[in-house]
Peer 1: 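Sharing a structure below in structure tokens format, with a few things to ask.
All residue numbers in this chain count up from 1 along the given sequence. Whatever order the structure lists them in is the order used to number ligands and atoms, beginning at 1.
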Amino acid sequence: MKKKILGITMALVLGLSLAACGSKDGGSSDGGSSKKSEDGGSSNVANKDKPLVWFNRQPSNSSTGELDKAALSYNKDTYYVGFDANQGADLQGTMIKEYIEKNIDKIDRDGDGVIGYVLAIGDIGHNDSIARTRGVRKAMGTGVEKDGEINSEPVGTNVDGKATAVKDGTLEIGGKKYTVRELASQEMKNSAGATWDAATAGNAIGTWSSSFGKKIDIVASNNDGLGMSMFNAWSKDNKVPTFGYDANSDAVAAIAEGYGGTISQHADVQAYLTLRVLRNALDGVDIDTGIGTADDAGNVLTDDVYTYNEEERSYYALNVAVTAENYQDFTDSTKIYEPVSKQLDESKSAKKKVWLNIYNASDNFLSSTYQPLLKNYDDLLNLEVDYIGGDGQTESNITNRLGNPSQYDAFAINMVKTDNAASYTALLNK
Ligand code: BGC
């Protein structure tokens, strides 16, 4: 009898101490969570071993495009989340080409047999931007090869068709041959150095339209921020189809008013993946949980919306063209993706603290689509996220705000310059 009581007491003591242990690791008991909020993140994991996700701007060499493998495999819980840039770029090019084919009777505004387009480039050192420039040139037949790939440099102006970074293309539509010319292209960077700058694009279309007038038949751009700025400044009134990328809500709505189309990069899937890979690493579960394999709540993605490249440690969402035919399905770009919209159980996925930065707080896509989506997912995944907004041009402005990484359990990083991964990891190595 005595022995039995002792046994029970032992079991109780053991049980209690196990529970205490669990809560220290971020378990569910009250004692644990109040302790955790005092000292912030999990104090017993070294910063260099905490889960890290790069997103939206893939660590890479901004001149050669080569991936920064050291950054992408910084520790065993490091990933990148973005989208399939080449698939999206091809879609964008094809969308524009199909638009031209379908509307050929009204495209050539001055009737000279030359279909002229202008192109707003986001960031010449950003792989996604480069891919989109190439995608448009490929579909228009205006690309010129350089080192085995289509040259993605801006041409400045090319009204005479003599630029060397592009050539005149030919499109045969309804038995008739049309010349296609890139009349002008420019990186939309403001004087302070911020790229993808919508205001710069609004000014550029002013200059271009006053020099080329009715020669401009199509306006193409690397994103909707630039596209909408040009649409509002000029193309809407002049009924010139304008194309962007991102499927921000304002751009989708503008399709009803003549905006030519855009591409959804499935930001709803990317924002989920960005936080989900951190969640899985924090829970110590298989990285595929709630991604390719359903989690306990039933969240799961199908392979028509993303791919995973193990060697690049990168998740890439797939893109979808958004045009007059289907835009009604895309009117709210901040709506979470239904198949991954279920709340996680806090007893299995305890509250954790995440440091996350948006490299440019005024970037159209990031501020109007991506960040609202992240905010919609963070609660569902039981993550308490501190959102840090940068100015789009100064890396130190952001790294300075990663002064105390020990307060966080995990990190989500959106760099200003894709070459700069080491300025973040150096802070985690300390
Ligand atoms: C988006 C752009 C955005 C950029 C920021 C791209 O994926 O399409 O709109 O400006 O990310 O890095």
Peer 1: I'd like to know if Glu149 and Arg134 make a salt bridge, using a cut-off of under 4.0 Å between side-chain N and carboxylate O.
Peer 2: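 Looking at Arg134 together with Glu149, the answer is yes, because their closest N to O distance falls below 4.0 Å.
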Peer 1: Is any side-chain heavy atom of Leu183 closer than 4.5 Å to a side-chain heavy atom of Trp208?
Peer 2: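 Not touching, per the 4.5 Å side-chain cut-off.
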Peer 1: Of the side chain and backbone of Met415, name the one, both, or neither that has a heavy atom under 4.0 Å from an atom of ligand 1.
Peer 2: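 Met415 to ligand 1: no contact under 4.0 Å from either part.
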Peer 1: Please check whether Arg132 reaches ligand 1 - meaning an N/O of the residue sits under 3.5 Å from an N/O of the ligand, judged on distance alone.
Peer 2: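 So ligand 1 has an N or O lying under 3.5 Å from an N or O of Arg132.
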Peer 1: Could you go through Tyr79 and Phe55, starting from their C-alpha distance and side-chain angles, then the distance that decides it, and tell me whether this counts as ring pair (Phe, Tyr, Trp, His ring centres under 6.0 Å)?
Peer 2: CA-CA 8 Å; Tyr79 296 93; Phe55 69 97; over 10 Å; no
Peer 1: Among all protein heavy atoms, pick out the one at the shortest distance from atom 10 (O) of ligand 1; state its residue, atom name and that distance to 0.1 Å.
Peer 2: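 Result: Asp363 OD1, 2.6 Å.
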Peer 1: With a 4.0 Å cut-off, would you call Glu384 and Lys352 a salt bridge?
Peer 2: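 A salt bridge is absent here (no side-chain N lies under 4.0 Å from a carboxylate O).
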Peer 1: Specify the protein heavy atom at minimum distance from atom 7 (O) of ligand 1: its residue, its atom name, and the distance to 0.1 Å.
Peer 2: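 Protein heavy atom at minimum distance: Gln265 NE2, 3.2 Å.
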Peer 1: Show me which atoms of ligand 1 lie under 4.0 Å from any heavy atom of Arg57.
Peer 2: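 That gives atoms 5 (C), 12 (O) of ligand 1.
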Peer 1: When you look at Phe243 and Tyr99, which way does the ring pair (Phe, Tyr, Trp, His ring centres under 6.0 Å) test go after all the steps?
Peer 2: CA-CA 10 Å; Phe243 297 84; Tyr99 186 100; 5.3 Å; yes
Peer 1: How about Gln87 and Asn319: does a side-chain donor come under 3.5 Å of a side-chain acceptor?
Peer 2: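 Judged by distance alone, the side chains do pair up.
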Peer 1: Give the residue and atom name of whichever protein heavy atom lies nearest to atom 9 (O) of ligand 1, and the separation in Å to one decimal.
Peer 2: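 Of the protein heavy atoms, Asp246 OD2, 2.5 Å lies nearest.
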Peer 1: Can you tell me which residue and heavy atom of the protein come closest to atom 11 (O) of ligand 1, and the distance to 0.1 Å?
Peer 2: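 For atom 11 (O) of ligand 1, the nearest protein heavy atom comes out as Asn56 ND2, 2.9 Å.
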Peer 1: Is a side-chain donor-acceptor pair under 3.5 Å present for Asp68 with Ser60?
Peer 2: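 Note: Ser60 and Asp68 side chains miss the donor-acceptor criterion.
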Peer 1: List every atom of ligand 1 that sits less than 4.0 Å from any heavy atom of Phe83, numbering the atoms from 1 in the order shown and giving each element.
Peer 2: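 Selected atoms, number and element: 7 (O).
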Peer 1: Check each atom of ligand 1 against the heavy atoms of Phe365 and keep those under 4.0 Å away; list them by number with element.
Peer 2: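 Near Phe365, the atoms of ligand 1 are 1 (C), 9 (O).
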